[in-house]
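Have a look at the structure below before the remarks.
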Amino acid sequence: MPAGNARVATPLRTAGLVLTVAVLGAALPPAPAASASPGSAAPPARDVAAARPPADAGAPAVTPADIRFRHDTLRRGTAREVGLLPEHVARMPADLAAYLEPTPDHPGHPTYAGAVVLAAKDGVIVQHAAVGTAVRYAEVGPPPELAGVELPADGQIPMRPDTIHDLASVSKLFTTIVVMQLVERGRVRLDEPVARYVPEFAAGGKAAVTVRMLLTHTSGLPAFTPLWSRYPTPAERFAAALATPLAAGVAPGAQYVYSDLGLIALGVLAERVTGRGLAELVRDGVTAPLGMTDTGYNPGPQRRARIAATEYQPYAGRGMVWGEVHDENAWSLGGVAGHAGVFSTAADLAVLCQSLLNGGEYRGHRILRPDTVRAMLVNGNAPLEQAYPESDRGLGFELNKHWYMMGLSSPVTFGHTGFTGTSIVVDPLSHSFVILLSNRVHPDRGWGSNNVARRAVARDLAEAMPVRPRSHEAWRADPRDSATVTLTAPLRRAARGGMASFLLWYDTEPRYDGARVEVSTDGGSTWAPVPMVLRQGDRRWTSDGTVTGYGGRVWWQASVDLPERATHLRWTSSTDVSSQGRDVYVDRIVVADRGGLLFHGEGADASRLVAEGWTPART
């Protein structure tokens, strides 16, 4: 990529192709030094070509093998210390507070009664704040209004940064870690049938279901069954969970269905293999080594005042659930189950996130090996993506989910959500994470999800990581949903062949959002994508003119061959109804043909750019 922020300075020459090579060459990364032929007016064309790697490397990709683990210890600090833009970090509490009332993207009810956010990068906690209330409501009025009946003011409890939350399905990560510890010790094998360890699990057509299938939710088990209401005792409920047959017409490993039942089975498996209870395994294998003193099952009445209340459940004879696990099945199983039941704080979860960014270690205490962490981040469901677009998962972890990870997403970004309103997002490429804990089911789950707030805090942390223009000013597609925005460069005259060069940075939601480069030969009336070659360092790949998904988080030097009589060049960015990456940027636009310069985006032509939904992005 070009060095510094220098303007194009190569003198224009009157010799056709030499002019094009010289002008565009000024916008390209410097080529290796070479001696010019005697008497030549410019470096020969072979020198420009020599800068291009010989093979097409394909679109950008990243795998767990590319992750570089660190050994950071968490501490409080400022956004600037770790290269973040402080204004975006500072807005997180205000963004969360906005959802304490109904909003256009969450109408009818508040998103939650209260929430806690914690964000960190490179081991530095740059934000940790609380908004709203941990305990606000006594009950819920009748449908359809489902109006919350508030406690007296002196009976309400404010949300605090150290409020303990019911993690709901984030608990699955603790079960996963315990199982992977057993895999490390050779006591469990991922591709062995679960029935080898829990023989009664074979019932209902499940003899071929493996441990890996349960971790990736590809077993064929149904998502859920109401154990709590169908069976009278915990023993009968566990037996029923293990005996649940595969869904009709499915084959193990051939489909993706997110299943609580699979994780309940994994919790039982861990107990059978070790002869110890799941709560004990989580304590001794995860929370105690990491010093997570506020994390565990069944927190007890002595901590109730620190716990966020969840849902009013008169149908289960429970009233307002506060201090006990919200999930009805986990509650009916004694509060300890493989799919739910863990309570924790943002600060404790931050230690868990940092240990994973460190490759399974924190303060000298190791809970997983680095190669195990990498293995957990391989997308085991890649063959199912076409049929199940939301199936991307490692072992236990969700991967690359823009619907709550937003601009932190990448093929190796991992995390999980919980039904009560909890989520973690861990981006190993930027060594950052964001935790959101809320009581969005307080007082009633019918008030809606908190995905809008999950997206808000992930977006804020991603926006705090600057995309720095390579010139004084780049152009950025405005980050908004359901939009198609264009940046158009009208050429000085119709092109006689020639080439366009520009820098491109993109990061979009795969398949659903993307960008394309288009050309018009009729004054802008009609447009067609134009193929481009993209280069960065020693990588080179070609595109049909469109890009989507992970862009490598780098500036790509792009070049396109213009058709005869081209009059306009245009960059178009399109988004769907929700969820985005870090958007699309264009910089250093230069267009020329054998007759001379046709457009210079940093020179006299800068004011001729037509930006509809694009905004200048400055250093």
Open item on the list: I want to check something: taking the side chain as every heavy atom from C-beta on, are R189 and V211 in contact at a cut-off of under 4.5 Å?
Closed with: no
TODO: Might you work through the side-chain contact (heavy atoms from CB on, under 4.5 Å) test for L377 and F397, ending with a clear yes or no?
DONE: CA-CA 7 Å; L377 304 182; F397 289 112; 4.0 Å; yes
TODO: Please tell me if the side chains of Q255 and L384 come closer than 4.5 Å, counting only heavy atoms from C-beta onward.
DONE: no
Open item on the list: Looking at every heavy atom in both G114 and M159, which two are closest together, and how far apart are they?
Closed with: C-CE, 3.3 Å
TODO: Heavy atoms only: give me the nearest I307-P299 pair and the separation to one decimal.
DONE: CD1-CG, 3.5 Å
Open item on the list: Here's one to test your reading of the geometry: is the NZ or CZ of R393 within 45 degrees of the ring axis of F414 and under 6.0 Å from its centre?
Closed with: no
Open item on the list: Minimum heavy-atom separation for E311 and H326, please, with both atom names.
Closed with: OE1-NE2, 2.7 Å
TODO: Count the heavy atoms belonging to other residues, nucleotides or ligands that lie under 6.0 Å from CZ of R511, then report whether that count exceeds 12.
DONE: yes
Open item on the list: Less than 4.0 angstrom from a charged side-chain N to a carboxylate O is my criterion; do E200 and R272 meet it?
Closed with: yes
Task: Within-4.5 Å side-chain heavy-atom neighbours: W555 and R468 - done: no
- [ ] Mind listing the closest non-hydrogen atom pair of A129 and P93 along with its distance?
- [x] CB-CG, 3.7 Å
Open item on the list: What I'd like to find out is whether the side chain of N450 reaches to under 4.5 Å of the side chain of L436, using heavy atoms alone.
Closed with: yes
Open item on the list: Under 3.5 Å, is there a donor on one side chain and an acceptor on the other for T133 and Q156?
Closed with: no
Open item on the list: To the nearest 0.5 Å, what is the distance between CG on L437 and CG on D348?
Closed with: 10.5 Å
TODO: To the nearest 0.5 Å, tell me how far I367 CD1 sits from F174 CZ.
DONE: 9.0 Å
Task: Atom pair CD (Q580) and CG (D513), whose distance is rounded to the nearest 0.5 Å - done: 6.0 Å
Open item on the list: Check this for me: does any side-chain nitrogen of one of E463 and R91 sit under 4.0 Å from a carboxylate oxygen of the other?
Closed with: no
Open item on the list: Can you confirm whether V194 sits close enough to K206 that some side-chain heavy atom of one is under 4.5 Å from a side-chain heavy atom of the other?
Closed with: no
- [ ] Decide side-chain hydrogen bond (donor to acceptor under 3.5 Å, both in side chains) for T310 and D166; before the verdict, give the C-alpha distance in whole Å, the side-chain angles of both, and the deciding distance to 0.1 Å.
- [x] CA-CA 8 Å; T310 53; D166 178 342; 5.2 Å; no
Open item on the list: Parallel, tilted or perpendicular, judged at 30° and 60°: which one describes the rings of W331 and W228?
Closed with: tilted
Open item on the list: Under the side-chain hydrogen bond (donor to acceptor under 3.5 Å, both in side chains) test against R306, which residue among T163, D294, T345 passes?
Closed with: D294
- [ ] With rounding to the nearest 0.5 Å, note down the distance linking CG in L269 to CG in L242.
- [x] 10.0 Å
Open item on the list: Closer than 4.0 angstrom, basic N to acidic O: yes or no for D427 and K121?
Closed with: no
- [ ] Kindly confirm or rule out a cation-pi arrangement of R304 over W322, judged by NZ or CZ under 6.0 Å from the six-membered ring centre and within 45° of its axis?
- [x] yes
Open item on the list: Consider side-chain hydrogen bond (donor to acceptor under 3.5 Å, both in side chains). Of N381, N379, N400, which one does D392 pass it with?
Closed with: N379
TODO: Only pairs at least two apart or in different chains count here, so list each ring-ring contact (aromatic ring centres under 6.0 Å, His included) that has a residue in residues 253-293.
DONE: H217-Y258
- [ ] Considering non-hydrogen atoms only, spot the tightest contact between G58 and R539 and give its length.
- [x] O-NH2, 2.7 Å
Task: Atom pair CG (L357) and CZ (R70), whose distance is rounded to the nearest 0.5 Å - done: 9.0 Å
TODO: Evaluate the side-chain proximity of S355 to L352: yes if any heavy-atom separation is below 4.5 Å, no if none is.
DONE: yes
Task: Gap between atom CD1 of I67 and atom NE2 of H431 - 0.5 Å precision - done: 9.0 Å
Task: Carboxylate-amine/guanidinium contact R445 E328, below 4.0 Å - done: yes
- [ ] Over all heavy atoms of both residues, which pair between V124 and R76 is shortest? Give the atoms and the distance, please.
- [x] CG1-C, 4.2 Å
Task: Option passing side-chain contact (heavy atoms from CB on, under 4.5 Å) with H339 (candidates L266, L261, N329, T175) - done: N329
- [ ] Decide yes or no for L215 and M180: does some side-chain heavy atom of the first lie under 4.5 Å from some side-chain heavy atom of the second?
- [x] yes
